[in-house]
Amino acid sequence: MELIRKGKVREVYADGDDVILVASDRVSVYDVVLPTPVPDKGAILTQISLWWFRQFADLVPNHVISEDVPAEWQGRAVRCKRLEIVPVECIVRGYLAGGGLESYRASGSVSGVAFPPGLVEADRLPQPVFTPSTKADEGHDEYISVEEIAKDLGEETTNRLRDLSLEIYDRGAEIARERGVLIADTKFEFGTDADGVLTLADEVLTPDSSRFWKASEYEPGRGQWSYDKQFVRDWSSTLTGWDRTYPGPEIPADVVAETRARYIEIYEQLTGDTWT
């Protein structure tokens with residue numbers, strides 16, 4: 001098969017008219033791929049995404065054709081439709097955290113959206129907001145306003161991206177909340193198929209693309225207990241001498257083990273299935 005794209009975590013191979021999306025065990029923090037993999041990570045991301053795609057099947061078409069992939073990728077890969085990917089990260093925020101918190105502290109807004117004054121870390125926003133960014137295979141994504149997107153994609157497509165992103169987030173947040181999980185923020189990717197239909201692609205509401213917090217321990221004004229790779233980010237922020245550029249540091253065995261355990265826990269918490 002022909003490797004047509006290699007991202008920070010995923011690889012895309014051409015297979016006839018289809019593509020095969022393979023999720024590796026690589027870990028990326030601050031847009032830097034670290035040299036230490038987390039065992040089973042790619043398979044967990046793939047299986048969580050497949051579970052969510054089923055939850056949203058009536059809301060939006062998705063790119064999944066089947067799990068018919070070569071044996072060595074079984075469980076961590078999906079056969080997908082070829083899409084023209086929209087060059088925008090469709091970020092939705094329900095709570096104030098991460099890059100959104102940094103932008104808010106600097107300007108009181110994110111992606112041109114003004115937030116209420118006086119918010120603290122992890123505050124729940126009055127309503128979920130669409131705060132898109134550019135999509136970069138390498139380097140850092142940059143926040144971009146809805147108006148800037150519309151200049152390139154047109155108002156109709158831009159509005160559809162925003163509305164779909166908010167709808168998917170709302171349903172996903174409700175499902176997760178029932179299972180004791182808060183989705184602080186997430187990002188979606190869309191593409192258009194051969195007929196021009198806007199289609200949900202890549203991964204959906206995984207611990208790589210989202211911040212998942214334990215609802216029972218939620219308390220605004222501080223960092224939250226996370227089921228996602230925030231644990232690796234927090235570890236890396238304790239290092240002296242790493243300036244968040246390539247090459248990244250090796251991850252210690254105990255941090256790898258705890259990260260894997262959290263990925264498994266969020267899979268089981270959301271789906272109700274036991275990870276095997």
Side-chain angles (χ1 to χ4, degrees), residues 5-12 21 23-24 26-33 45-46 48-49 52-53 56 59-63 80 83-104 106-107 109-113 115 125 128-173 183-192 198-212 226 228-230 233 244:
R5 179 174 175 269
K6 182 172 182 177
K8 300 181 185 81
V9 173
R10 284 168 177 73
E11 294 156 8
V12 184
L21 183 66
S24 75
R26 297 189 293 269
V27 181
S28 167
V29 295
Y30 305 113
D31 294 318
V32 176
V33 177
L45 296 179
T46 297
I48 289 178
S49 286
W52 280 116
F53 279 129
F56 306 135
L59 279 182
V60 58
N62 64 67
H63 68 166
C80 305
L83 301 175
E84 184 70 31
I85 297 297
V86 177
V88 174
E89 295 278 10
C90 293
I91 300 170
V92 178
R93 301 180 186 279
Y95 297 77
L96 195 57
L101 175 64
E102 292 175 8
S103 181
Y104 171 77
S107 66
S109 66
V110 185
S111 293
V113 179
F115 288 2
L125 300 173
V129 293
F130 180 62
T131 59
S133 76
T134 58
K135 179 176 168 52
D137 285 337
E138 297 182 3
H140 299 285
D141 299 334
E142 302 288 341
Y143 292 123
I144 186 172
S145 70
V146 171
E147 291 75 20
E148 289 174 293
I149 296 174
K151 289 178 184 176
D152 292 331
L153 302 181
E155 277 195 29
E156 183 177 348
T157 298
T158 301
N159 291 340
R160 182 69 174 144
L161 288 171
R162 179 195 60 208
D163 294 347
L164 274 176
S165 297
L166 290 169
E167 282 183 62
I168 297 167
Y169 174 84
D170 284 343
R171 181 178 293 184
I183 303 177
D185 54 44
T186 192
K187 62 181 179 182
F188 303 115
E189 289 194 31
F190 295 90
T192 52
L198 203 58
T199 302
L200 185 59
D202 198 50
E203 62 182 323
V204 183
L205 292 173
T206 71
D208 264 20
S209 66
S210 316
R211 281 187 176 82
F212 293 121
S226 295
D228 49 74
K229 67 178 181 181
Q230 186 62 44
R233 289 193 196 97
R244 299 184 182 181

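Keep in mind that the numbers below use all heavy atoms, side chains included, and drop hydrogens, waters and symmetry copies.
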Next item on the list: First locate atom CD of Glu189, then atom CD of Glu203, and finally report the distance between them rounded to the nearest 0.5 Å.
Entry: 7.5 Å
Note to self: Can you list everything that forms a ring pair (Phe, Tyr, Trp, His ring centres under 6.0 Å) with Phe190? Sequence neighbours excluded, please.
What the structure shows: none
Next item on the list: Not counting sequence neighbours, which residues clear side-chain contact (heavy atoms from CB on, under 4.5 Å) with Ser226? List them please.
Entry: Trp213, Asp228, Gln230
Item checked: Contact summary for Pro128 and Asp170, nearest pair of heavy atoms -> CG-OD1, 3.5 Å
Notebook entry, point to check: Closest approach of Val86 and Leu161, non-hydrogen atoms and distance?
Noted result: CG1-CD1, 3.9 Å
Check: CG/Leu125 to OG1/Thr131 distance, rounded to the nearest 0.5 angstrom?
Finding: 9.0 Å
Check: Going through the checks in order, is the side chain to side chain contact (heavy atoms under 4.5 Å, CB included) test met by Leu45 and Val9?
Finding: CA-CA 10 Å; Leu45 296 179; Val9 173; 4.3 Å; yes
Item checked: Partners meeting side-chain contact (heavy atoms from CB on, under 4.5 Å) with Glu102 (sequence neighbours left out) -> none
Next item on the list: Look at the side chain of Thr199 and the backbone N and O of His63, then say whether any donor-acceptor pair between them is shorter than 3.5 Å.
Entry: no
Check: CD of Glu167: more than 12 outside heavy atoms within 6.0 angstrom?
Finding: yes
Next item on the list: Under the ring pair (Phe, Tyr, Trp, His ring centres under 6.0 Å) rule, collect the residues that match up with Phe115, sequence neighbours excluded.
Entry: none
Notebook entry, point to check: Which atoms form the tightest heavy-atom contact between Val92 and Phe188, and what is the distance?
Noted result: CG2-CE1, 4.2 Å
Next item on the list: Given side chain to side chain contact (heavy atoms under 4.5 Å, CB included), test Tyr169 with Arg93 step by step and report yes or no.
Entry: CA-CA 9 Å; Tyr169 174 84; Arg93 301 180 186 279; over 6 Å; no
Next item on the list: Identify the heavy atoms of Phe212 and Leu205 that sit nearest to each other, and give their distance.
Entry: CZ-O, 3.1 Å
Notebook entry, point to check: What heavy-atom pair brings Pro207 and Ile48 nearest, and what distance separates the two atoms?
Noted result: CD-CD1, 3.7 Å
Notebook entry, point to check: Is it true that a side-chain atom of Ser209 and a backbone atom of Thr206 form a donor plus acceptor pair closer than 3.5 Å?
Noted result: yes
Item checked: Set of residues satisfying salt bridge (charged side-chain N to carboxylate O under 4.0 Å, His left out) with respect to Arg233, sequence neighbours excluded -> none
Next item on the list: Determine, stepwise, if the pair Ile149 / Arg162 fulfils side chain to side chain contact (heavy atoms under 4.5 Å, CB included).
Entry: CA-CA 11 Å; Ile149 296 174; Arg162 179 195 60 208; over 6 Å; no
Item checked: Residue among Asp202, Val204, Leu198 satisfying side-chain contact (heavy atoms from CB on, under 4.5 Å) with Leu200 -> Val204
Checklist line | Under the ring pair (Phe, Tyr, Trp, His ring centres under 6.0 Å) test, residues paired with Phe130 that sit two or more places apart | finding: none
Note to self: Looking at every non-hydrogen atom in both residues, tell me the closest pair between Lys187 and Glu89 and how far apart they are.
What the structure shows: CD-OE1, 3.3 Å
Check: Any donor and acceptor pair, going by atom type alone, linking the side chain of Lys8 with main-chain N or O of Asp31 inside 3.5 Å?
Finding: no
